[in-house]
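Below is one structure; the comments refer to it alone.
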Amino acid sequence: MEISKIDVSRGWGLFGRGWNAFKGDPVTWILMLIIFMVISVVLNLIPFLGGLIMAVVSPGLVAGFLKLAQDVEAGGKGSVGTLFAPLQDRERRTPLLLLGLVALAASVLMVIVMAILLGGAMALGGGLPESGAVPMPVSGIGIFGMLVMFVLYLGIFAVLAFSIPLVYFRGEHIGDAIKASISGTLSNLGPLIVFSLIYFVLAIVAMIPFGLGFLVLGPVVFGALYGMYREIFPEPEEPVVVLEAESA
């Protein structure tokens with residue numbers, strides 16, 4: 001499988017590609033995102049089980065957003081049903097749900113690490129004083145904790161970001177897709193870090209108007225993620241068939 005290295009500047013340029021995908025069908029993008037958010041809220045209201053279900057089906061729903069990006073870039077239009085199309089695909093549904101189990105395991109790992117970091121900070125700091133001031137040991141552990149969480153985030157991104165489209169669009173085996181996703185991430189750390197930092201800034205801006213900015217930023221990021229996948233994993237060229245001239 002061919003894996004391309006993209007220029008660091010694409011870390012910003014991909015937002016432009018995502019914006020173009022959003023402009024192609026903004027109403028469908030926003031409606032799909034609202035439905036996704038409603039599903040997430042409703043499922044998370046169910047103690048324990050709801051969160052598990054959401055984690056497992058999330059890769060399939062993410063694939064729906066990527067499918068819309070593909071349709072828009074091809075000059076077509078999507079529909080709200082595009083969100084559920086990958087989970088309705090009999091061949092792709094099972095591997096996407098298996099990726100959901102991987103995402104669930106990753107989420108559990110992050111919770112455990114956060115608990116360990118928080119517990120360690122409280123232990124070293126002797127607990128927070130009544131005045132509310134944060135002791136220096138807690139501040140130090142906090143900085144270290146942010147670095148650890150960023151590395152975990154990058155690791156989870158490496159496992160899932162490209163394995164979802166590789167499974168859905170190309171039908172790759174889940175193990176091969178995860179390996180390729182990790183390789184693609186490691187080969188393009190520069191632009192991906194730039195992309196993440198820019199997203200962090202844009203996310204802060206999107207939160208200002210009651211979080212409504214995410215109705216635009218969310219679709220743009222999904223469109224950018226699809227563009228990132230297509231640029232790092234270019235479609236294999238069709239073999240050229242040379243027909244021999246018939247002998248006279």
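The shown structure was predicted, so the numbers you read here are calculated from the model rather than taken from an experiment. Only this structure's heavy atoms are used, side chains among them; waters, hydrogens and symmetry mates stay out.
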Indicate the atoms forming the closest heavy-atom contact of L87 with L97, along with that distance. CD2-CD2, 4.1 Å
Between F65 and F36, ring centroids under 6.0 Å: yes
Is V27 reachable from F214 through a run of hydrophobic residues whose side-chain heavy atoms are each under 4.5 Å from the next? yes
Can you tell me how the ring of F169 sits relative to the ring of Y229, calling it parallel under 30°, perpendicular over 60° and tilted otherwise? parallel
Tell me whether V201 is reachable from L212 by hopping between hydrophobic residues (I, L, V, M, F, W, Y) whose side-chain heavy atoms are closer than 4.5 Å. no
Give the table of side-chain donor-acceptor pairs shorter than 3.5 Å for residues 46-55, with sequence neighbours excluded, one pair per line with atom names and distance.
none

Hydrophobic clusters here meaning ILVMFWY residues chained together by side-chain heavy-atom distances under 4.5 Å, can you tell me if V41 and M207 are in one? no
Considering only NZ, NE, NH1 and NH2 on the basic side and carboxylate oxygens on the acidic side, decide whether R17 and E73 come within less than 4.0 Å. yes
Return the minimal non-hydrogen interatomic distance between P219 and L33, and the atom names on each side. CD-CD2, 3.7 Å
Should V38 and L45 be regarded as members of a common hydrophobic cluster, given that ILVMFWY residues are connected when their side-chain heavy atoms come within less than 4.5 Å of each other, either directly or indirectly? no
Compare every heavy atom of G184 with every heavy atom of I232, then report the nearest pair and how far apart it is. CG2-CA, 4.1 Å
Could you check whether F15 and F195 have their ring centres less than 6.0 Å apart? yes
For the backbone of K77 and the side chain of D25, can you confirm whether one donor and one acceptor N or O come within less than 3.5 Å of each other? no
Nearest non-hydrogen partners of D89 and E91, listed with the distance: OD1-N, 3.0 Å
Report whether F200 and W19 are members of the same hydrophobic cluster (ILVMFWY, side-chain heavy atoms less than 4.5 Å apart, transitive linking). yes
